[in-house]
Undergrad: 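So that we are looking at the same thing, I have put the structure below in structure tokens.
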Amino acid sequence: MKERLQQKLEEAVAGLLRSTGAETAVPEVALEVPRNPEHGDFASNAALVLARPLKRPPRAIATELAERLRGETELLEDIEIAGPGFLNFRLRRDRWHGVLKQILLEGPGFASVPAEVPERVQVEFVSANPTGPLTLGHGRQAVLGDSIARLLAARGHEVTREYYFNDGGRQMRVLGESVKARYLELLGRAAPPPPECLEEGGAWPGEIDGLPVIFPRDGYQGDYVREIAEALVAEYGEDLVDEAPDGRFRQVAQERIFSEIRATLEALDIRFDVYFNESDLYREGKNDEVLAELCERGLVYEKDGAVWLRSTELGLPRDRVLVKRTGEPTYLLPDIAYHREKFRRGFERIIDVQGADHKEQFPYVVAAVGALGFDASRIELVMHQFVTLTRGGQQVKQSTRRATYVTVDELLSRVGRDVFRFFMVQRKADGHLDFDLDLAEETDWKKNPAYYVQYAHARACSIERRAREAGLGLPDAGSFDASPLRLPEETQLLRKLAEFPDLVRRAADSREPHHVAYYLRELAGQWNPYVQDGRRHRILSDDRPLSLARLGLAVAVRTVLASGLALIGLSAPERM
RNA sequence: GCGCCGGUAGCUCAGCCGGAUAGAGCACCAGGCUUCGAACCUGGGGGUCGGGGGUUCGAAUCCCUCCCGGCGCGCCA
């Protein structure tokens, strides 16, 4: 509908330019849905854009354009020239009515807007190392990444959700050491470091009361570490005293924490297709391959006993270490190898969802993979800022290592999946997300927009139930007649519904799922008042054609709400 | 110091590929249930869109600059 009008408009502009003999190229003219409904269904700035090159007043140009479009009577009911020279188009009412029929015919398919060129896309997100429960930052990333994946699927892309497990670094080693230390403490063979030492700085005692202090200085202090140690004591007694920290201690901790993370994600309705282990890159020699390839291209050199990437050669601010003096790779080398594998596995688009703290290193990975001959422009970074916590108007300090943070599990148990997801996805990624704990703990979450949208859906379902009970039956898509819908608020709803495919396109292509949340709030914000005012808009009445038309509207609203909710991973309850 | 991201109503935030009178939720004030669901609805107050300059017929939106806040700038990941 919009496409047709746009085409007609461009023809009119081209025609006008030809008739004036101007050599101006046809400029880009905008055709948009105006905010103010009084400005018609669509508005264009064509005359304003043309005013300059034609050196004529915009309103005069608008008048001529309007003349050229008068003939489109089957599309347009009215054209108006307004303000400085806007063209306001009012479509024939039945143009909007067509939307309802389309939704009734397509059902959930209405939300499916295939891209011209579908791609094999990988979305990598969360990728948290299993050193403890997921933080709210991880929670935000999980919801963000999953929603992006859902949107991409709606665009017809073939989506793989992937979790990169960074098991080669020292984080997991420290976890093993932490568990072993707690294990020995439980057996009375080691002393826990005194609390004051665990704070910043301060001396670190070698032993206390003749017992050695094993716990690593940067160890993980959460209770869950002690619990794992307790489980090990219960199962093995003292048999593990001589076991290496990197052995069973680490193994058990890793598996246990990982399974808890997966359970958390499951509770968020998030499932990954692939868990990729960093250690596989080592085992399969990928790091060495990458190093050799970079070497061939003259991008590697040695200095101070370390191996460096000549990234300044690639236009970046400085060179970086690939292999430490110890012979151990830094995170960078496996990261490059990992992204190279992403391409080799056939992904045509690679989306990394990461926290703002990873921003700096990203260009190095991209540049290096590009230097290896892959199309680096196909790697995208979706960066998100952190989640801050407020309680009683004060920011709550959070520390991962000391485990003084609110976990996804805790919050989830308070507010549930739907509210959690809505809250996390409703702001754009590159802004801080301020989480008000008081709101989470005390206030009534019924005030939350998530419920408002779900309520709108439940109400539409309820009306359909009523219709069935009254023996009215649901409208048949094939013979559906929406023409009895003539109230302005009904036209408004139709317009809003018609926007949906465009919205999905925009949200998916910009990787900005928060648009969906706002759209849903707006649609529900039109639907709830409409239904509420039962006197004016009685849906089920004695006027059968009108009832059927309004019922069709209810079905369409319900369909779009359900689709939108699914795109951001919320349930669409039929009753609440 | 350099880089990235933010600064819009009392609070939390949309809007930012330039468009008409800057929006929403919460909070506040005043109303509404013999009506298909009151988890709802109606109305109201509330703004130098961080400051300044520029481009433009037109700037919250683009450019420059300054101020404030967050994050990053390791042979940590």
Side-chain angles (χ1 to χ4, degrees), chain A residues 28 30 32 34-36 38-39 43-45 48-49 51-52 57-58 82-86 88 127 129 131 166 168-172 174 218 278 303-308 317-318 320-332 334-335 355-363 383-386 388 390 393 423 426-436 439 443-452 454-456 458-467 469-470 510 514-515 517-518 521-522 525 528-541 547 550-551 554 575-576:
Chain A
E28 253 186 65
E32 352 185 273
R35 254 201 311 259
N36 186 340
E38 284 171 26
H39 295 147
S44 177
N45 62 350
L48 295 161
V49 175
R52 194 166 176 64
F86 287 101
N88 291 341
S127 297
N129 283 343
T131 58
N166 207 283
R170 55 180 285 287
Q171 272 190 31
M172 298 313 298
V174 172
D218 53 356
E278 180 191 3
K303 193 181 84 178
D304 304 332
V307 179
W308 293 72
R318 62 186 191 90
R320 305 200 75 131
V321 171
L322 290 168
V323 182
K324 300 183 232 176
R325 195 163 27 193
T326 59
E328 214 182 356
T330 62
Y331 73 87
L332 183 59
D335 234 23
D357 54 339
H358 284 69
K359 174 94 179 170
E360 200 268 345
Q361 50 140 320
F362 183 78
M383 189 206 68
H384 68 92
Q385 298 286 337
F386 292 137
T388 54
T390 309
F423 200 95
Q426 110 193 96
R427 354 217 83 140
K428 63 174 185 253
D430 50 15
H432 288 278
L433 196 158
D434 195 50
F435 201 102
D436 189 338
L439 200 65
T443 328
D444 139 69
W445 280 85
K446 286 174 182 152
K447 298 273 160 73
N448 193 285
Y451 290 128
Y452 184 85
Q454 291 180 316
Y455 176 76
R459 246 177 138 169
C461 291
S462 163
I463 287 163
E464 289 175 47
R465 280 197 299 271
R466 290 275 179 168
E469 286 162 20
S510 64
H514 73 277
H515 291 305
Y518 277 85
R521 182 61 183 73
E522 286 164 13
N528 280 343
Y530 177 76
V531 180
Q532 181 75 15
D533 194 348
R535 280 184 211 126
R536 188 167 151 85
H537 320 108
R538 188 86 202 164
I539 287 173
L540 308 173
S541 67
S547 294
R550 288 184 172 162
L551 200 47
R575 298 168 202 270
M576 293 176 73

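The basis for the numbers below is simple: all heavy atoms, side chains too, and nothing from hydrogens, waters or symmetry mates. Here is the naming used below: chain letters follow the sequence lines, and residue numbers restart at 1 for every chain.
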Undergrad: Between B/G15 atom C1' and A/Q426 atom CD, what is the distance in whole Å?
TA: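 So the CD-C1' distance, A/Q426 to B/G15, works out to 15 Å.
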Undergrad: For B/A24, is there a stacking contact with A/Y518, counting only centres under 5.5 Å and planes under 30°?
TA: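 It does not: the two rings, one from A/Y518 and one from B/A24, miss the stacking criterion.
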Undergrad: Using a 4.0 Å heavy-atom cut-off across all strands, classify A/T330 as base, sugar-phosphate, or nothing.
TA: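 Here A/T330 touches the backbone only, sparing every base.
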Undergrad: Of the options B/A39, B/G19, B/C76, whose atoms approach the side-chain atoms of A/M576 most closely?
TA: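 Comparing B/A39, B/G19, B/C76 against the side chain of A/M576, the answer is B/A39.
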Undergrad: The side chain of A/Q385 lies closest to which of these nucleotides: B/C5, B/C57, B/C73?
TA: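 Output: B/C5.
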Undergrad: Please report the distance separating the P of B/G18 from the corresponding atom of B/G31, rounded so that it comes out in whole Å.
TA: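 My reading of the P atoms in B/G18 and B/G31 gives 47 Å.
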Undergrad: What's the gap between B/G1 and B/U48 when it is taken at their P atoms, as a whole Å value?
TA: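 So the two P atoms sit 30 Å from each other.
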Undergrad: With nearest nucleotide decided by heavy atoms, which residue, A/G534 or A/M383, maps closer to the 5′ end of RNA chain B?
TA: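 On the 5' side of the pair lies A/M383.
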Undergrad: For the CZ atom on A/R318, are there more than 12 heavy atoms of other groups (residues, nucleotides or ligands in this structure) within a distance under 6.0 Å?
TA: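 Counting other residues, nucleotides and ligands, CZ of A/R318 exceeds 12 neighbours.
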Undergrad: Looking only at side-chain atoms of A/R466, point me to the closest of B/C36, B/C71, B/G6.
TA: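 Looking only at side-chain atoms, A/R466 lies closest to B/C36.
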Undergrad: Using the P atom as the point on both nucleotides, what is the distance between B/C66 and B/C4, in whole Å?
TA: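 Pairwise P distance, B/C4 against B/C66, rounds to 14 Å.
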Undergrad: Pairing check on B/C26: which nucleotide meets the Watson-Crick or G-U wobble criteria with it, both distances under 3.5 Å?
TA: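 Pair assignment: B/C26 / B/G10.
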Undergrad: Closest heavy-atom contact between A/T330 and A/K324?
TA: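 Minimum heavy-atom separation between A/T330 and A/K324: CG2-CG, 3.8 Å.
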Undergrad: So A/A467, base contact, sugar-phosphate only, or nothing? Heavy-atom distance under 4.0 Å.
TA: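 The answer is nothing, as A/A467 stays clear of every strand by at least 4.0 Å.
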Undergrad: Applying side chain to side chain contact (heavy atoms under 4.5 Å, CB included) between A/R459 and each of A/Q454, A/M576, A/R575, A/Q532, report the one that passes.
TA: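 Exactly one option meets the side chain to side chain contact (heavy atoms under 4.5 Å, CB included) with A/R459, and it is A/Q532.
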Undergrad: State whether A/K324 places a side-chain N or O below 4.0 Å from either non-bridging phosphate oxygen (OP1 or OP2) of B/C76.
TA: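 Yes, such a contact exists.
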Undergrad: Please confirm whether any donor atom in the side chain of A/D357 sits under 3.5 Å from an acceptor in the base of B/G72, or the reverse.
TA: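 Flag unset: no donor-acceptor pair detected.
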Undergrad: Does a nitrogen or oxygen in the side chain of A/Y452 sit under 4.0 Å from OP1 or OP2 of B/A38?
TA: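 Looking at the OP1 and OP2 atoms of B/A38, neither is under 4.0 Å from any side-chain N or O of A/Y452.
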Undergrad: With a 3.5 angstrom cut-off on both distances, give the Watson-Crick or G-U wobble partner of B/C4, or none if there isn't one.
TA: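 Its partner is B/G70.
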Undergrad: Of the nucleotides B/C41, B/C16, B/U12, which has the atom closest to the A/N528 side chain?
TA: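 Nearest to the side chain of A/N528 among the choices is B/C41.
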Undergrad: Over all strands shown, is A/A306 touching base, sugar-phosphate only, or nothing at heavy-atom distances under 4.0 angstrom?
TA: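 Base contact.
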Undergrad: Do the side chain of A/Q532 and the base of B/C40 come within less than 3.5 angstrom through a donor-acceptor pair of N or O atoms?
TA: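 Answer is yes: a donor-acceptor pair is held.
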Undergrad: Quick check for you: among B/G19, B/C75, B/U42, whose closest atom lies nearest to any side-chain atom of A/P529?
TA: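 Within the option list, the nearest is B/U42.
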Undergrad: So, for A/R320 and A/Q361, which heavy atoms are closest and what is the spacing to 0.1 Å?
TA: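 The answer is NH1-CA, 4.4 Å.
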Undergrad: Rounded to whole angstrom, note down the P distance from B/C5 over to B/U65.
TA: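 Taking atom P in both B/C5 and B/U65, they lie 15 Å apart.
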Undergrad: When we call it a touch if two heavy atoms are under 4.0 Å apart, what does A/H515 touch: a base, just sugar-phosphate, or nothing?
TA: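 Counting heavy atoms under 4.0 Å across all strands, the contact made by A/H515 is with sugar-phosphate only.
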Undergrad: Please state how far atom CZ in A/R318 lies from atom C1' in B/C73, giving the value in whole angstrom units.
TA: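 A/R318 atom CZ is separated from B/C73 atom C1' by 7 Å.
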Undergrad: What does A/V307 touch in the nucleic acid at a heavy-atom separation under 4.0 angstrom: a base, only the sugar-phosphate, or nothing?
TA: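 Here A/V307 touches no strand at all.
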Undergrad: So what does A/A43 touch, heavy atoms closer than 4.0 Å: a base, only the sugar-phosphate, or nothing?
TA: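 Base: the residue A/A43, judged by heavy atoms under 4.0 Å, touches a nucleobase.
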Undergrad: Of the candidate nucleotides B/A14, B/C73, B/G37, which contains the atom at the shortest distance from the side chain of A/H514?
TA: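 The closest nucleotide is B/A14.
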Undergrad: Which residue, A/F423 or A/V323, contacts RNA chain B at a nucleotide closer to its 5' end, judged by nearest heavy atom?
TA: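 It is A/F423 whose nearest nucleotide is closer to the 5' end.
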Undergrad: So A/D430, base contact, sugar-phosphate only, or nothing? Heavy-atom distance under 4.0 Å.
TA: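 Since only primed, P, OP1 and OP2 atoms lie under 4.0 Å of A/D430, the category is sugar-phosphate.
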Undergrad: Which part of the nucleic acid, if any, lies within reach of A/R521 when heavy atoms closer than 4.0 Å are counted: base, sugar-phosphate only, or nothing?
TA: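 Result for A/R521 = sugar-phosphate.
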Undergrad: Across all strands, who's sitting opposite B/C36 as a Watson-Crick or G-U wobble pair, both distances under 3.5 Å?
TA: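 By the stated definition (distances under 3.5 Å), nothing pairs with B/C36.
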Undergrad: Who is the Watson-Crick or G-U wobble partner of B/C76, with both distances under 3.5 Å?
TA: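 No nucleotide pairs with B/C76.
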Undergrad: What's the gap between B/A22 and B/G3 when it is taken at their C1' atoms, as a whole Å value?
TA: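 B/A22 and B/G3 have their C1' atoms separated by 32 Å.
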Undergrad: With both distances under 3.5 angstrom, what nucleotide forms a Watson-Crick or G-U wobble pair with B/A60?
TA: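 Because no pair has both required distances under 3.5 Å, B/A60 counts as unpaired.
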Undergrad: What does A/R575 touch in the nucleic acid at a heavy-atom separation under 4.0 angstrom: a base, only the sugar-phosphate, or nothing?
TA: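 Touches a base.
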Undergrad: Whether the side chain of A/N88 and the base of B/A20 hold a donor-acceptor pair under 3.5 Å is what I'd like checked.
TA: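 By the distance-only test, yes, there is a pair.
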Undergrad: Given B/C40, B/U12, B/C16, which nucleotide is nearest the side-chain atoms of A/D434?
TA: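 For the A/D434 side chain, the nearest candidate turns out to be B/U12.
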Undergrad: Separation of A/K428 atom NZ from B/C4 atom C1', in whole Å?
TA: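 One finds 15 Å between C1' of B/C4 and NZ of A/K428, rounded.
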Undergrad: I need the minimum non-hydrogen distance between A/P334 and A/P329, along with the two atoms involved.
TA: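 Where A/P334 meets A/P329 most closely, the heavy atoms are CD-CB, 4.1 Å.
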Undergrad: Determine if the base of B/C63 is syn or anti; take syn to mean the glycosidic torsion is within 90° of 0.
TA: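 It is anti.
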Undergrad: Would you mind classifying the nucleic acid contact of A/H537 as base, sugar-phosphate or nothing, using non-hydrogen atoms under 4.0 angstrom?
TA: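 It contacts base atoms.
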Undergrad: For B/C64 versus B/G23, give the span between their C1' atoms, rounded off to a whole number of Å.
TA: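 Approximately 29 Å lies between the C1' atom of B/C64 and that of B/G23.
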Undergrad: Look at the side chain of A/R170 and decide which nucleotide, out of B/G15, B/C76, B/C13, has an atom nearest to it.
TA: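 Among the listed nucleotides, the one closest to the side chain of A/R170 is B/C76.
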Undergrad: Looking at A/R170 and A/D218, is there a salt bridge between them, counting it only when a charged N and a carboxylate O are closer than 4.0 Å?
TA: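 Yes, charged N to carboxylate O under 4.0 Å.
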Undergrad: Determine the Euclidean distance between corresponding C1' atoms of B/G47 and B/G54; express it in Å to zero decimal places.
TA: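 The same atom, C1', in both gives a distance of 24 Å.
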Undergrad: Considering only B/C73, B/C75, B/C40, which nucleotide approaches the side chain of A/R459 most closely?
TA: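 For the A/R459 side chain, the nearest candidate turns out to be B/C40.
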Undergrad: Let's go through A/Y530 and A/R550 carefully: what are the C-alpha distance in whole Å and the side-chain angles of both, what is the deciding distance for side chain to side chain contact (heavy atoms under 4.5 Å, CB included) to 0.1 Å, and is it a yes or a no?
TA: CA-CA 11 Å; A/Y530 177 76; A/R550 288 184 172 162; 3.3 Å; yes
Undergrad: Measure from NE2 on A/H358 to C1' on B/C76 and round the result to the nearest Å.
TA: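 Going from NE2 in A/H358 over to C1' in B/C76 covers 10 Å.
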Undergrad: Hey, does A/D304 reach any base, or is it just sugar-phosphate, or nothing, if we go heavy atoms under 4.0 Å?
TA: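 Counting heavy atoms under 4.0 Å across all strands, the contact made by A/D304 includes a base.
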Undergrad: So which atom in A/S541 and which in A/S547 form the shortest heavy-atom distance, rounded to 0.1 Å?
TA: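 Nearest pair, atom of A/S541 first, then A/S547: N-OG, 2.8 Å.
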Undergrad: Has A/H432 got its ring stacked on the base of B/G70, with centres under 5.5 Å and planes less than 30° apart?
TA: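 Base of B/G70: not stacked against A/H432.
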Undergrad: Specify the closest pair of heavy atoms between A/L540 and A/A467, including all atoms of both residues, with the distance to one decimal.
TA: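 In this case the closest contact between A/L540 and A/A467 is CD1-N, 3.8 Å.
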Undergrad: Can you list the steps and then say if A/R427 with A/Q385 is a side-chain hydrogen bond (donor to acceptor under 3.5 Å, both in side chains)?
TA: CA-CA 11 Å; A/R427 354 217 83 140; A/Q385 298 286 337; over 6 Å; no
Undergrad: Select one nucleotide: of B/C40, B/G74, B/G72, the one nearest the side-chain heavy atoms of A/R320.
TA: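 Between B/C40, B/G74, B/G72, the one nearest the side chain of A/R320 would be B/G74.
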Undergrad: In whole Å, what is the span from the OH atom of A/Y331 to the P atom of B/C73?
TA: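 A/Y331 atom OH is separated from B/C73 atom P by 9 Å.
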Undergrad: Contact class for A/A82 (heavy atom, under 4.0 Å): base, sugar-phosphate, or nothing?
TA: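 The answer is base, as A/A82 lies within the cut-off (heavy atoms under 4.0 Å) of a base atom.
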Undergrad: In this structure, how many angstroms lie between the P atom of B/G7 and the CZ atom of A/R427, rounded?
TA: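 Atom CZ in A/R427 sits about 13 Å away from atom P in B/G7.
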Undergrad: On a whole-Å scale, what distance lies between the C1' atoms belonging to B/A60 and B/G19?
TA: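 Here B/A60 and B/G19 have their C1' atoms 13 Å from each other.
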